[in-house]
2 protein chains.
Amino acid sequence: MVAALAALAEPHRQQILDLLLDGPRPVGDLVAALPVSQPAVSKHLRVLRDAGLVDVRVDAQRRLYSIRPEPLRAVDEWLAPYRRLWADRLDALERHLDRTAHTEGEPS
Amino acid sequence: MVAALAALAEPHRQQILDLLLDGPRPVGDLVAALPVSQPAVSKHLRVLRDAGLVDVRVDAQRRLYSIRPEPLRAVDEWLAPYRRLWADRLDALERHLDRTAHTEGEPS
DNA sequence: TGGTTATATTCCTTGACGGTTATATTGCCG
DNA sequence: CGGCAATATAACCGTCAAGGAATATAACCA
């Protein structure tokens, strides 16, 4: 689970996963969509695969990568106890008391 | 959001958050519970605070740290599209065995 | 077979991160 | 005030990750 989070904690890898949401894609497509070199993408894919987050299928010279959601489900389950925090405890109250400058990133 | 994930992708920081699930705690408690030095814990807390994941309240010489769940909610929301992947693809079996307390899964 | 395409791997450099020790800061109490 | 307790910051070190360039590998095609 920690491994999955570590893999996700890198913007380009997140971007790759987001691209794969539309279905399997060859490496070339990902390279075209990312601002880094092909070897860099290949290495990110390796990390994602080691974390169990993607799957590869060989298609001639291409390799089609697709999402393997299991580790994400583990993350989802890890979130469970925290979900209570914004579900029934704080929520509106938190937002109200909130004095810290939060320059939050936007979801996705 | 990426920032939050990066902060979570470190076992000791995850452990700190898990400890804070039981409520606010002074740094000393965390130091006692973790296998690293006090400065190390302080630095982790700094990272967590910068990521908006914890809040500090001053109590005499102590600082009480508590969870700020917003960034976790952002992660939760980021997970949403992926949740479909294990909801409607792989897990006819899982759904069958369903032991998880997911009250928010809507019937299709 | 040779060449071209698609992807992976190697090597190297650079920068960030986590850890420790030492020191600064701040508040309490005698 | 002096000293202790709790925490933060500074300075430094070793390791690791991300990036590019170059190269290897593998499959297709002429």
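Chain naming here is simple, since letters A, B, ... match the order of the sequence lines and numbering starts at 1 in each.
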- Identify the heavy atoms of Arg13(B) and Ala7(B) that sit nearest to each other, and give their distance.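 Nearest pair, atom of Arg13(B) first, then Ala7(B): NE-O, 2.7 Å.
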- Item | Closest non-hydrogen atom pair, Leu64(B) against Pro24(B) |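 Nearest heavy atoms, Leu64(B) then Pro24(B): CB-CB, 4.5 Å.
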- Consider only side-chain heavy atoms of I, L, V, M, F, W and Y, link residues closer than 4.5 Å, and tell whether Val27(A) and Leu34(A) are in one cluster.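 As far as the 4.5 Å side-chain criterion goes, Leu34(A) and Val27(A) are connected within one cluster.
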Answer yes or no: is there a side-chain heavy-atom contact under 4.5 Å between [X] and [Y]?
X        : Y        : value
Leu48(A) : Tyr65(A) : no
Trp86(B) : Ile67(A) : no
Leu8(A)  : Leu8(B)  : no

Separation of [X] atom [atom1] from [N] atom [atom2], in whole Å?
X        : N       : atom1 : atom2 : value
Gln61(A) : dA24(D) : CD    : C1'   : 16 Å
Leu64(A) : dA26(D) : CG    : P     : 19 Å
Arg46(A) : dA24(D) : CZ    : P     : 19 Å
Leu8(A)  : dA17(D) : CG    : C1'   : 16 Å
Asp50(B) : dA8(D)  : CG    : P     : 12 Å
Gln15(B) : dG18(C) : CD    : P     : 14 Å

Phosphate OP1/OP2 of [N]: any [X] side-chain N/O under 4.0 Å:
X        : N       : result
Arg62(B) : dT26(C) : no
Arg63(B) : dA6(D)  : no
Tyr65(B) : dA8(D)  : yes

- Where each residue is assigned the nucleotide of DNA chain C containing its nearest heavy atom, which of Leu45(A) and Val47(B) is assigned the position nearer the 5′ end?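 Result of the comparison: Leu45(A).
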- Item | Rounded distance [0.5 Å steps], CG in Leu20(A) versus CZ in Arg68(A) |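 CZ of Arg68(A) is found 13.5 Å from CG of Leu20(A).
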Scan nucleotides 19-23 of chain C against the protein and return all N/O pairs shorter than 3.5 Å with their distances rounded to 0.1 Å.
residue : atom : partner  : partner atom : Å
dG19(C) : OP1  : His12(B) : ND1          : 2.6
dG19(C) : OP2  : His44(B) : NE2          : 2.4
dG19(C) : N7   : Lys43(B) : NZ           : 3.1
dG19(C) : O6   : Lys43(B) : NZ           : 2.7
dT20(C) : OP2  : Ser37(B) : N            : 2.9
dT20(C) : OP2  : Ser37(B) : OG           : 2.7
dT20(C) : O4   : Lys43(B) : NZ           : 3.3

- Starting at the 5' end of DNA chain D, which residue's closest nucleotide do you reach first, Val58(A) or Ala6(A)?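 Result: Ala6(A).
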- Message: Need one value for Arg13(B): base, sugar-phosphate or nothing, where a base atom within 4.0 Å counts as base even if backbone is also close, heavy atoms only.
- Response: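 Contact class for Arg13(B): sugar-phosphate only.
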